[in-house]
Each structure stands twice: as C-alpha cells, then as structure tokens.
Student: 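Below you will find the structure I want to go over with you.
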Amino acid sequence: MVFIPADDVDGVGLYSCTRCDFEIEGPADIPRPDPWHQAFAYARQDGMDDHDARSFADEYAFAIDELRHEIRYPDLPLPTPSEYVR
C-alpha cells in the first residue's frame, strides 16, 4: 500500500494498493493493510499468479474474520499469511 498525502489536510491522505487498485482515505498513522491485502501481497511474492493470489487472499481474509469471533485458548495471535494452511 502506498500513502499519498492530501494537499489540503495535514495527516490525512489516500492509501492505494499498487496491485489491485484498492483505495481508501485515512490518517497517516494507519499501521498496516487489512488481512486481504496482506495475503494478496504475500501470495504474489510467493510466486502465485494474479487469479490464485486473489483466491488465496479471499480464503485468508474469510478465515481471519472467522477467527476474530472465536474464543481461543490460549489467547494466540491470528496466523499470518505465511502461517495460514489451506
């Protein structure tokens, strides 16, 4: 994701994904992209073609959304895209 600062408001700008054309406005201090974009970037770096990378990102984002609403013991962190097993 690339941050493009706004001309008229300090600390606000546009986040743009260079791979899938996703754009969202937000403050400059957003720490990291959402799970779908993390998985998509990981899959492309791992050598998957665009279609397979999007499919992997869809599956990963769905799994993360499900895990966020699950009571987990011990309180483990959510898996990263590289730890996700299909």
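Values reported hereafter were calculated over all heavy atoms of this structure, with side chains retained and with hydrogens, waters and symmetry mates removed. If you read the sequence from its start, that first residue is 1, and numbering goes on from there. Computed from a predicted structure; not experimentally measured.
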Student: Looking at A57 and A39, what are the two nearest heavy atoms and their distance?
Tutor: CA-CB, 3.7 Å
Student: In terms of relative ring orientation, are Y84 and Y60 parallel, tilted or perpendicular, with 30° and 60° separating the classes?
Tutor: perpendicular
Student: Working to the nearest 0.5 angstrom, can you tell me the gap between R68 CZ and I64 CD1?
Tutor: 6.5 Å
Student: If I take atom CZ from residue R44 and atom CG from residue D52, how far apart are they, to the nearest 0.5 angstrom?
Tutor: 9.5 Å
Student: Does the side chain of E83 reach to within under 4.5 Å of the side chain of P77, using non-hydrogen atoms?
Tutor: no
Student: So, are D50 and R54 salt-bridged, with charged N and O less than 4.0 Å apart?
Tutor: yes
Student: Which heavy atom of D65 sits nearest to which heavy atom of H69, and what is that distance?
Tutor: O-CD2, 2.9 Å
Student: Flag the pair L67 / P79 as yes when at least one side-chain heavy-atom distance between them is below 4.5 Å, and no otherwise.
Tutor: yes
Student: Testing the basics here: between F56 and P81, what is the closest heavy-atom pair and its distance to 0.1 Å?
Tutor: CZ-O, 3.6 Å
Student: So, taking the atom named CZ in F40 and the one named CD in Q45, what distance separates them when rounded to the nearest 0.5 Å?
Tutor: 11.0 Å
